[in-house]
*Asks:* 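Sharing a structure, written as structure tokens. Questions coming.
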Amino acid sequence: MSRVSPIPGKLTRPLRVLMIAPTSFFADYGCHVRIYEETRALLELGHQVTICTYHNGNDVPGLDIRRSLDVPWRKRIVVGSSRHKLYLDAVLSLEVLRTALRIRPDLIHAHLHEGALIGGVLARLIRRPLVFDYQGSLTEEMLDHGFLRRNGRVQAAVRRLEHLIDRLPDHIIASTDNARSRLLKRGYPPERVTTVLDAVDTDRFSPAAVTDAERAELRQLFGIPESARVIVYLGLLAPYQGADLLLEAAQRVLTHEPNAFFLVMGFPGNERYRLKAESLGLGRHMSFPGRIPYAEAHRYLALGEVAVAPKMSLTEGNGKLYNYMAMGLPVVAFDAPANREILGDLGVYAPLGDAAAFADRILWLLERPEQAVARGVRLRERAIAHLSWRTRVHELLAVYGKILGKRPTSVPEGHPTLSANGRVPEAAPVDEETPARTR
């Protein structure tokens with residue numbers, strides 16, 4: 001098993017990191033949040049990060065973003081699997097090569113399998129190591145999105161391509177232990193894969209960061225009755241994320257708890273789901289505000305009494321859970337490996353795909369408000385103790401140091417070594433005196 005032992009001290013010079021993000025960065029959802037938070041954490045330690053991404057997406061102040069050539073007929077943000085990614089990735093490859101020749105990075109950090117493929121070719125051209133930020137199976141993602149037909153010939157070809165891409169990096173960082181285990185079962189060398197979990201800014205994502213006056217104002221904005229008991233969701237709206245099942249569950253919840261109100265935040269498809277909710281007679285009890293800026297996410301989550309995560313994937317992580325936890329919200333989720341890994345015994349689980357059971361778990365929390373609050377408090381404590389970006393960035397630097405053939409020397413004194421599965425032990429300390437950071 002991989003084991004990296006960091007030593008105290010400072011880097012003699014900052015690292016130059018080229019990140020490849022084959023997506024419409026920045027677009028306020030899970031994968032993009034990980035890219036953003038990793039970059040911000042590295043920048044705060046003095047490293048240089050350049051992000052190569054698609055031509056469309058939102059710029060973020062303070063980040064060095066290099067965009068591919070404009071594709072005038074494709075302005076909409078690309079989320080998940082899409083045939084448009086074929087030519088978008090080809091155009092992005094040119095920008096990646098041009099940027100790499102200009103900045104001469106110390107290493108390449110690729111996100112998503114398309115990024116790892118582009119990075120694998122580039123790494124061999126410029127002789128730099130490649131880190132692959134692995135967040136789940138490419139094939140399973142395409143199946144989840146309905147982009148592939150299960151057990152078809154194309155699926156077999158894509159799976160072979162996926163396995164080829166997985167062999168290109170010098171090291172893989174997996175966003176969950178479940179993802180790491182799947183790689184190992186496929187024969188990936190254990191010394192070349194390390195778990196680096198997602199994390200959360202517990203300073204901003206905090207119940208104390210939102211005043212009662214702000215909550216009252218937002219409730220009025222969304223038309224939430226004063227007596228309503230709010231269930232919140234924040235993420236992509238798609239079948240594989242469980243959006244359809246959430247509507248089914250909402251019907252059952254409202255039958256037993258007419259004061260329930262579902263604030264379903266995210267995109268795309270918010271208008272389609274709003275119309276579907278109205279057709280089911282749920283219009284007065286549900287609001288679909290659409291895309292929520294990441295910088296404002298904590299304010300809207302603060303309206304919730306219970307948070308829900310009906311995502312159906314068995315291979316991907318579930319980044320929204322970290323924000324829910326930091327906000328002190330009890331969470332109902334389907335019983336999937338990644339959810340168990342993140343929430344532990346504090347999650348409230350329903351069998352995968354069972355909308356009726358999911359509704360029953362929501363009702364169970366609503367009927368036990370004191371227990372629900374206690375779970376939320378413990379989830380926030382878990383987030384503060386073990387899921388801070390201040391800890392996570394040093395795990396990432398340990399991997400960087402390993403593939404660069406030297407120990408990372410920017411880890412503060414007393415920082416723990418990585419355990420056999422490549423993760424910092426659960427008792428990893430968190431510097432609670434670090435000032436709050438703002439976007």
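Position 1 is the first residue of the sequence; numbering continues from there. Only this structure's heavy atoms are used, side chains among them; waters, hydrogens and symmetry mates stay out.
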*Asks:* Could you tell me if the side chain of I403 sits less than 4.5 Å from the side chain of R192, heavy atoms only?
*Replies:*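 Not in contact.
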
*Asks:* Applying the side-chain hydrogen bond (donor to acceptor under 3.5 Å, both in side chains) criterion to R34, which one of E38, H32, E37 satisfies it?
*Replies:*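 For R34, the side-chain hydrogen bond (donor to acceptor under 3.5 Å, both in side chains) test succeeds with only one of E38, H32, E37, which is E38.
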
*Asks:* Taking 4.0 angstrom as the limit, do E381 and R378 come out as a salt bridge?
*Replies:*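 Salt bridge: no.
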
*Asks:* Show the nearest heavy-atom pair for residues L245 and M312, with the distance to one decimal.
*Replies:* CD1-SD, 3.5 Å

*Asks:* Does the side chain of P190 come within less than 4.5 Å of R180's, by heavy atoms?
*Replies:* yes

*Asks:* Could you tell me whether the side chain of E214 and the main chain of T211 form a donor-acceptor pair under 3.5 Å?
*Replies:* yes

*Asks:* Has D345 got more than 12 heavy atoms of other residues, nucleotides or ligands less than 6.0 Å from its CG?
*Replies:*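 Incorrect, the count does not exceed 12.
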
*Asks:* Assess, by modelled atom type and distance only, whether the side chains of D64 and T50 contain a donor and an acceptor separated by less than 3.5 Å.
*Replies:* yes

*Asks:* One thing to verify: whether R182 and D166 come together as a salt bridge, which I'm taking to mean a side-chain N less than 4.0 angstrom from a carboxylate O.
*Replies:* no

*Asks:* Report yes if the side chains of P289 and N270 come closer than 4.5 Å at any heavy-atom pair, otherwise no.
*Replies:* no

*Asks:* Assert yes or no for the condition that the ring centre distance of F358 to F334 is strictly below 6.0 Å.
*Replies:*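 Judged by ring-centre distance (under 6.0 Å), F358 and F334 do meet the cut-off.
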
*Asks:* Tell me whether the count of non-hydrogen atoms from other residues, nucleotides or ligands lying under 6.0 Å of CZ in R215 goes above 12.
*Replies:*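 More than 12 heavy atoms, drawn from other residues, nucleotides or ligands, come within 6.0 Å of this atom.
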
*Asks:* Among side-chain atoms of H109 and D133, is any donor-acceptor pair under 3.5 angstrom?
*Replies:* yes

*Asks:* Does any part of the side chain of M286, heavy atoms only, come nearer than 4.5 Å to the side chain of R274, both counted from C-beta?
*Replies:* no

*Asks:* With the side chain counted from C-beta on, respond yes when L234 and Y300 share a heavy-atom pair under 4.5 Å apart, and no when they do not.
*Replies:* no

*Asks:* The test is ring pair (Phe, Tyr, Trp, His ring centres under 6.0 Å); show your working for Y322 and F205 and say whether it passes.
*Replies:* CA-CA 9 Å; Y322 296 89; F205 284 90; over 10 Å; no

*Asks:* Answer whether the closest heavy-atom distance between the side chains of L92 and E114 falls below 4.5 Å.
*Replies:*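 They are not in side-chain contact.
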
